[in-house]
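Chain A is the first sequence line, chain B the second, and so forth, proteins listed ahead of strands; every chain is numbered from 1. Any value given below was found using the heavy atoms of this structure, including those in side chains, with hydrogens, waters and symmetry copies removed.
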Amino acid sequence: MEHIRTPKVENVRMIDRLIPRKSTLGTLYLSSTHTIFVENSEARKETWVLHSLVYNVERLPTNSSGSPLIIRCKNFHVYRLLIPQEKDCLDVLASLTRLSRPERYGELFSFSFNPNLDKELREKAWGFIDLKAEFSRMGIPSNLWHVTAANYEYRLCDTYPSELFVPKSASPAVIVGSAKFRSRGRLPVLSYFHRDTGASICRSSQPLSGFSARSSDDEQMLQAIMKSNPVSEFMYVVDTRPKLNAMANRAAGKGYENEDHYTNIKLQFIGIENIHVMRNSQQKLIDVGELAAPSMSDFLWGLENSGWLKHIKAVLDAGVFIAKVVAEDGVSVLVHCSDGWDRTAQACSVASVLLDPYYRTIKGLMILIEKDWVSFGHKFSHRYAHLDGDPKEVSPVMDQFLECVWQLMQQFPCAFEFNERFLVQLHTHIYSCQYGNFIGICQKERRDLRLQERTHSLWPHLWENRAEYTNPLYRIDHSQTQGVLKPLTTAYCFKFWKGMYGRAEKSVASHQSPADCLNAVREESQQLEEELSAHQERLAQLKERKTSGERKTSKLSERVRRPIPTESELSSPLDYFTTPRSEKRTPSFTLPLQLAAPPKNGDPDDLSTCSDFESGVADLSSYSSSGGDDAKDPDADEVVKANA
Amino acid sequence: MELSEHIKTANVEDVTLRRPFHPTLRGTLCVTSHHLLFSDRKDEASWQLLILLKNIDAIEKRAVGSSGTITIKCKDLLVLQLEIPGMEECLNIARSIEALSSLESVTEMYPFFYRPSHLTLHGPWGLSSTEQYYKQTERLWDRWRVSKVNSDYSVCPSYPSAVIVPREVDDDKLIRSARFRQGGRFPVLSYCHHRNGMVIMRSSQPLTGANKKRCKEDELLLQAVIDGSELGYIIDLRSAQQAQQTRMTGGGFESKSCYSHWKRIHRHHERGKVVQESLIKLVEACSDPSHSVDRWLSKLENSKWLSHVHSALSTAGLVVECVERDGHSVLVHGSEGTDNTLLVSSLAQLILDPASRTVTGFLCLLEREWIQAGHPFQQRCAHSAYSHARLKQECPSFLLLLDCVWQVWRQFPLALEFSEALLLRLAQEVYASNYGTFLCNSEQERCAAGVKETTHCLFQSLLKPDIEEQYLNPLYEPTDLAIWPAVHPQSLQLWTGMFLRWTEYAQNMEEAREEVWSIVKEHREQAGPDRTNNTLSTHCESLTPIENLMDELTIL
């Protein structure tokens with residue numbers, strides 16, 4: 001609390017840039033975890049912005065109406081405030097600037113977030129994702145692969161998990177030797193085993209080859225990996241970096257595998273740019289989304305100039321290449337980049353999504369993220385600026401993975417169990433630090449921080465609400481659901497992700513979502529079925545006891561049908577929009593314009609509500625790209641004004 | 001010259017057919033007066049491909065040894081390759097296709113020969129007429145009338161014989177107003193809004209010329225539209241500067257001093273050749289899958305096609321705002337009043353009028369606002385995106401309309417009764433058709449050619465229940481509200497269903513559509529007919545916020 005200079009400012013205006021008249025007057029509160037804006041209107045609508053989601057705060061020059069303050073969030077929401085007194089504005093700015101940049105892990109929201117779970121439930125929640133079970137699901141043949149104890153207590157590689165799958169034929173000496181020859185000790189280990197072909201995806205960091213160094217242990221390690229796929233005579237080493245970058249690394253004593261030293265490997269460079277290029281590219285993309293009144297040309301030019309879709313294509317291309325090699329040629333692949341935790345994680349996880357239908361389910365994607373990102377080590381705290389640190393370490397690595405999945409969803413609308421909302425929700429949580437899952441950079445650090453005792457796990461929370469994240473078009477027996485996905489990677493297949501980057505303005509409205517409609521239709525079908533069987537039961541009873549039957553029957557039917565409001569009940573649209581979200585059966589059309597109304601005693605630490613309010617806005621995304629449109633071109637009006 | 005005289009080689013055996021994403025086929029190729037027929041007779045179940053020669057936009061021939069290859073590029077954007085053994089046969093076939101695909105005489109075209117057994121030529125032609133629209137629209141009866149002043153097409157050759165005009169303006173005044181408007185297209189009623197009785201009028205530009213000519217009758221006509229005291233808006237589909245310039249060539253605009261109750265708003269729209277070239281560039285960009293992302297985006301931007309979509313929808317939104325929110329009548333015109341004018345007025349109706357969002361209603365809208373209103377289809381659709389012929393009057397105005405409707409459909413997937421399939425079918429039919437609906441440039445020409453007597457009507461056939469079903473939107477739920485499309489550039493997308501129609505990309509989308517259908521069907525079976533309506537109607541409420549939002553949009 002010591003950072004909060006002014007906990008409350010009255011008569012603050014929340015500006016809506018698209019529709020100025022929609023701006024609202026209210027009171028701004030600063031808590032230790034949230035910025036809260038409460039409208040003066042009768043509805044007392046509240047907007048909660050989690051401090052750790054704030055990306056930056058900008059103050060514009062004071063004008064006659066007050067001091068403007070712009071809060072930009074890491075999930076691309078933007079809030080524009082007008083504060084009457086300059087002094088208050090400066091206070092808020094200073095407080096927010098400090099609060100949004102925690103310096104120690106202990107300051108993160110996840111350590112104070114308390115959803116009132118007892119200890120037992122919390123522990124159970126952390127066990128929701130079981131990676132051991134996942135590796136056994138892959139059907140790894142125990143005669144070829146086994147878990148090595150080499151990394152017990154993280155002695156071999158402190159950023160890897162303690163349990164590692166390696167070829168059974170690799171001796172402990174080879175394992176240790178290979179780790180020594182790899183940057184940060186990140187030796188080649190199994191990430192995914194493809195049961196249909198016996199080929200595997202392994203991952204590592206770059207070898208410390210420099211211009212001439214070699215390690216026979218590392219060479220034997222690769223040989224062992226290749227041999228673990230008995231039908232194949234060679235293996236691929238996929239270096240996800242541009243070749244030039246890989247060559248430059250040789251000067252620093254790192255680099256890539258020399259094909260002359262390693263027998264039977266084929267080296268393939270993919271050309272995904274580094275984190276700095278990606279960071280700048282995304283910033284340009286965000287700027288495009290924030291343009292006030294762009295013409296079609298401004299927009300398309302900005303999109304091209306950002307280079308973002310080009311980079312997305314590069315990541316997807318990497319996944320496509322690996323998936324093709326594994327599934328079609330039955331050849332194993334070792335994937336690495338520099339440290340093996342950014343581009344490597346992207347390439348491995350995209351390939352896994354393409355290869356294995358399981359990773360296209362809700363639970364499967366959670367497992368994949370837990371495996372390829374959380375467990376194998378990824379610098380979450382740095383990449384997503386959880387802690388105040390070097391801005392050059394920040395980069396949208398996971399954003400790109402999620403977007404690759406989204407682009408695939410555009411091409412295969414029936415192949416994924418989850419919808420766009422799920423991805424957007426994941427994105428927010430990766431940045432928000434509300435749950436402990438994405439704190440720290442590796443298993444060891446998370447253990448040292450005792451995260452499982454001090455924070456909560458996101459996965460069970462998402463799982464409980466999975467109805468909201470379900471794609472109605474997904475069907476287990478659909479042809480798109482089966483087998484390996486073979487996406488087109490033609491340029492015209494890549495689209496601007498409006499549900500993610502088109503959210504800069506408060507008044508974005510989702511028009512109509514076919515997915516929500518279909519979900520509602522499905523639910524209705526189920527309810528009708530239930531109703532039918534209820535009626536049948538009832539009827540059977542009635543036949544037996546003819547007295548007092550009728551009244552009850554009608555009551556029953558009323559109860560079953562209530563979740564779907566009739567038109568008379570909906571005389572005022574606002575009634576419909578403030579329906580508490582916990583009524584899961586209500587078709588979730590409640591997203592468009594309004595900020596979600598928090599429950600009367602809106603407690604930010606209440607599990608059931610908080611994820612929806614941490615940013616103050618119910619998740620805006622809907623399944624299709626039709627979501628989140630502004631209702632009409634507001635700029636048209638300004639031009640008219642000028643002309644009229 | 002008989003059509004058959006163009007055919008030197010009618011049949012070639014052992015021809016190889018290559019289509020995108022299909023296995024190569026061998027079979028017999030056959031050229032008739034109106035069709036190219038390829039049949040693969042290898043299997044018992046022979047597979048045939050029948051292409052209207054009129055659908056062929058361009059052909060390219062290439063010699064490979066003793067055989068020749070013909071690449072056929074269709075107006076519906078399909079590209080085929082035929083390998084024909086024998087150079088002479090190949091050249092003969094190519095020549096026949098070239099001659100027969102560019103017939104100029106309307107009555108030689110296929111609709112005059114199309115005689116399917118399930119259709120008869122007797123009975124009424126088309127779905128609607130001016131008189132019918134008038135009869136259905138009670139709001140009009142008081143102050144408006146149907147005028148037959150153009151019954152012999154002498155007042156305005158491109159108008160239908162009957163038009164709706166203010167009751168107090170007599171036919172003489174109409175004739176004088178017509179003389180003051182380009183092509184005689186005097187202001188007529190296009191739409192009357194069911195909520196408030198405000199109207200959308202359309203016309204061509206007034207011929208004020210350099211010395212600011214006036215026409216009292218034209219002024220009176222517009223005065224009568226807004227009934228004295230109120231205010232009306234003229235949406236001029238040219239920039240103010242362009243409108244000024246047209247005065248040099250005899251055109252012009254309604255000046256404030258002469259039309260004191262009308263406020264003029266200029267919106268720049270590209271027309272004619274520029275739009276046609278956009279289509280050509282866009283299709284060119286879409287047909288090369290080897291482009292890098294940067295190059296693709298740059299080509300997409302450079303084609304400007306989406307910019308045209310953007311302007312059309314924005315201006316339509318502006319018209320709707322005038323009519324629905326501000327309660328003013330609107331006159332829309334550009335120069336000739338046959339392209340962008342119709343585009344904007346029909347889009348505005350789609351946004352405003354729930355009746356025009358049903359299959360029947362939409363086809364009626366097209367019939368009134370495009371066919372009867374005199375959009376010169378024959379000139380505009382003579383060639384599509386592949387043709388190397390020098391551009392004359394080609395312009396894909398109608399395709400642009402379909403694209404805009406698709407954008408609306410994408411943003412409001414529940415609000416239209418028809419699906420993308422109908423739009424795609426129309427995009428195909430407008431360039432090459434078995435039916436007479438899109439023939440000629442005006443009612444007058446259609447009358448002279450005997451279109452109604454000797455061809456079948458496309459719209460009628462689309463409405464046959466078994467056919468209509470494939471064009472229905474499974475998620476349709478009617479709403480009375482205006483559906484305001486978002487026109488922020490990021491809200492508009494490339495119409496992949498159209499422009500990437502013949503790529504693999506379209507296949508997965510087709511599967512998704514089938515899936516939607518199966519879910520809805522399953523539901524309907526479960527719920528029975530009455531229940532379905534009951535459930536779906538509740539989702540109408542999702543539109544309400546948009547209505548609320550309208551209060552926040554200002555015009556003045």
Nearest 0.5 Å, please: how far is [atom2] in [Y] from [atom1] in [X]?
X        : Y        : atom1 : atom2 : answer
B:Asn302 : A:Glu304 : CG    : CD    : 10.0 Å
A:Leu309 : B:Trp296 : CG    : CH2   : 11.5 Å
A:Tyr492 : B:Thr496 : OH    : OG1   : 10.5 Å
B:Leu306 : A:Ser295 : CG    : OG    : 11.5 Å
A:Leu300 : B:Ser298 : CG    : OG    : 10.0 Å
A:Lys313 : B:Asp294 : NZ    : CG    : 11.0 Å

* A:Phe299: ring pair (Phe, Tyr, Trp, His ring centres under 6.0 Å) partners, not counting sequence neighbours ->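 A:Phe299 satisfies ring pair (Phe, Tyr, Trp, His ring centres under 6.0 Å) with A:Phe496 once adjacent residues are dropped.
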* **Contacts of A:Ser297 that satisfy side-chain hydrogen bond (donor to acceptor under 3.5 Å, both in side chains) - sequence neighbours left out** =>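 Partners of A:Ser297 by the side-chain hydrogen bond (donor to acceptor under 3.5 Å, both in side chains) criterion, ordered by chain and then number, come out as B:Glu301, B:Lys304.
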Answer with side chain, backbone, both or neither: which region of [X] has an atom nearer than 4.5 Å to a non-hydrogen atom of chain A?
X        : answer
B:Ser307 : both
B:Ser311 : neither
B:Leu494 : neither

* **Which atom of B:Pro489 lies closest to which atom of A:Pro294, heavy atoms considered** => CG-O, 3.3 Å
* Could you tell me which non-hydrogen atom of B:Gln490 sits nearest to which non-hydrogen atom of A:Lys498, and how far apart they are? => O-CD, 3.0 Å
* To do: Answer with side chain, backbone, both or neither: which region of A:Thr489 has an atom nearer than 4.5 Å to a non-hydrogen atom of chain B?
  =>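 Contact with chain B involves no heavy atom of A:Thr489 at all.
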* Is it the backbone or the side chain of A:Lys310 that comes under 4.5 Å from a heavy atom of chain B, or both, or neither? ->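 Contact with chain B is through both the backbone and side chain of A:Lys310.
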* **B:Arg501, CZ: over 12 other non-hydrogen atoms inside 6.0 angstrom** =>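 Correct, the count exceeds 12.
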